[in-house]
**Q** 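Following this message is one structure expressed as structure tokens.
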Amino acid sequence: MLFEKSRWLFVVTVLLSACILLVGCSSTGKWTFQEELPSMAHVHIGHAITGWKDAPGDDGLFNTAEKEVVIAIEQAQLAVEQPKDLAQIKKHIRGVIHAIDPEIVKKGPGLDYGVKKGLEKTAGHIIFAAKSDDASENVQDFAPSFESRIKPVIERCDLVVALCQVILATQTSEDAHVLAEETHKLTQGISEGMDVNNDGFINLDSGEIGLKQLRDDIEALIAREDPPYATVPKRYLFGVIRLPDGKWAFSWLVDPFYDDGDNSGGGGY
């Protein structure tokens, strides 16, 4: 009898302990383990440098822009290397456009995302990070300056596309080749920055910067974070939804029936 009583006391103790560790929702019967969630500001930074659902291979938005610009530079270089072949020049120039903005040229050697879209969405998520309730002063101060610094790089993408469209309308290989050389310089400028005023430097606050300097900006932002920034797991990166008021939340906290059986997340805009 004493043994039976002790056994039941043990069971009750275990159940009570479990209840302390669990958060219940009595109206739905949905129970989930408590978890320490990353800050929403860090989630949005992670969308830029770790992963986002609509990016190729679930990569980060800024990472995708970096990969696409490499393809654009390669295509521009191939166009320059064939000065007498107008058809080949135009073929590779179309490849440049596809890597910069696949909305204009639908098919090509790029990742079907585009440098421009990757940069625009990176800027958007950095702003989302700054507007998060848990954003540090570091993130809040960084976002406006980052947005202003990324804008000229996006404009350079538009300039490259416009120049490429002129090349596609060109009738001679000589003219096309001259313009292709300029295209190659501009695509390199998107990546590395451009010394626009010819003073021998990439001036960081004059619209001359490229993705290389923007990457440095993001890395410096992360280095300044306190508490420190840590890579956010993709479950949290992909498991967010945007609410009607414009704020973001983790899907399973908004919808108690949220099911993430594969731990991949499933949120989005």
**Q** For a ring pair (Phe, Tyr, Trp, His ring centres under 6.0 Å) with His44, tell me which candidate from Phe128, Phe62, Trp52 qualifies.
**A** Phe128
**Q** Please check: side-chain N/O of Glu68 versus main-chain N/O of Leu111, any donor-acceptor pairing under 3.5 Å?
**A** yes
**Q** Would you compute the distance between atom CD of Gln88 and atom CG of Leu86 and round it to the nearest 0.5 angstrom?
**A** 10.0 Å
**Q** Is there a donor-acceptor contact under 3.5 Å from the side chain of Arg94 to the main chain of Lys107?
**A** no
**Q** Do Asp112 side-chain atoms and Pro102 backbone N/O form a donor-acceptor pair below 3.5 Å?
**A** no
**Q** Mark yes or no for whether Ser132, through its side chain, and Ala135, through its backbone, hold a donor-acceptor pair below 3.5 Å.
**A** no
**Q** Distance-only, no hydrogens or angles: does the Arg156 side chain make a donor-acceptor pair with backbone N or O of Gly189 under 3.5 Å?
**A** yes
**Q** Does a donor on one side chain and an acceptor on the other come within less than 3.5 Å for Gln75 and His98?
**A** no
**Q** Would you say His47 and Val240 make side-chain contact, with heavy atoms under 4.5 Å?
**A** yes
**Q** Is there a salt bridge (charged side-chain N to carboxylate O under 4.0 Å, His left out) between Arg215 and Glu219 once you walk through the steps?
**A** CA-CA 6 Å; Arg215 167 64 73 173; Glu219 296 296 336; 3.4 Å; yes
**Q** Could you walk me through whether Lys234 and Asp58 pass the salt bridge (charged side-chain N to carboxylate O under 4.0 Å, His left out) check?
**A** CA-CA 9 Å; Lys234 288 191 175 182; Asp58 294 341; 5.3 Å; no
**Q** May I ask you to say whether Lys91 pairs ionically with Asp85, meaning some side-chain N is under 4.0 Å from a carboxylate O?
**A** no
**Q** Just how far is it from atom CD1 of Ile127 to atom CZ of Phe142, taken to the nearest 0.5 Å?
**A** 9.5 Å
**Q** Sort out for me which residue in Asp54, Thr64, Asp59, Asp101 forms a side-chain hydrogen bond (donor to acceptor under 3.5 Å, both in side chains) with Tyr113.
**A** Asp54
**Q** Given the rule in the side-chain contact (heavy atoms from CB on, under 4.5 Å) test, do Val153 and Gln213 qualify, once you have shown the distances and angles that lead to the verdict?
**A** CA-CA 11 Å; Val153 188; Gln213 292 78 23; over 6 Å; no
**Q** Judged by atom type as modelled, is there a donor-acceptor pair below 3.5 Å linking the side chain of Lys90 to the main-chain atoms of Leu168?
**A** yes
**Q** With a 3.5 Å distance limit and no angle check, can you tell me whether Gln82 reaches the backbone of Leu78 through a side-chain donor-acceptor pair?
**A** yes
**Q** Would you mind telling me which of Gln188, His92, His184 makes a side-chain hydrogen bond (donor to acceptor under 3.5 Å, both in side chains) with Gln77?
**A** His184
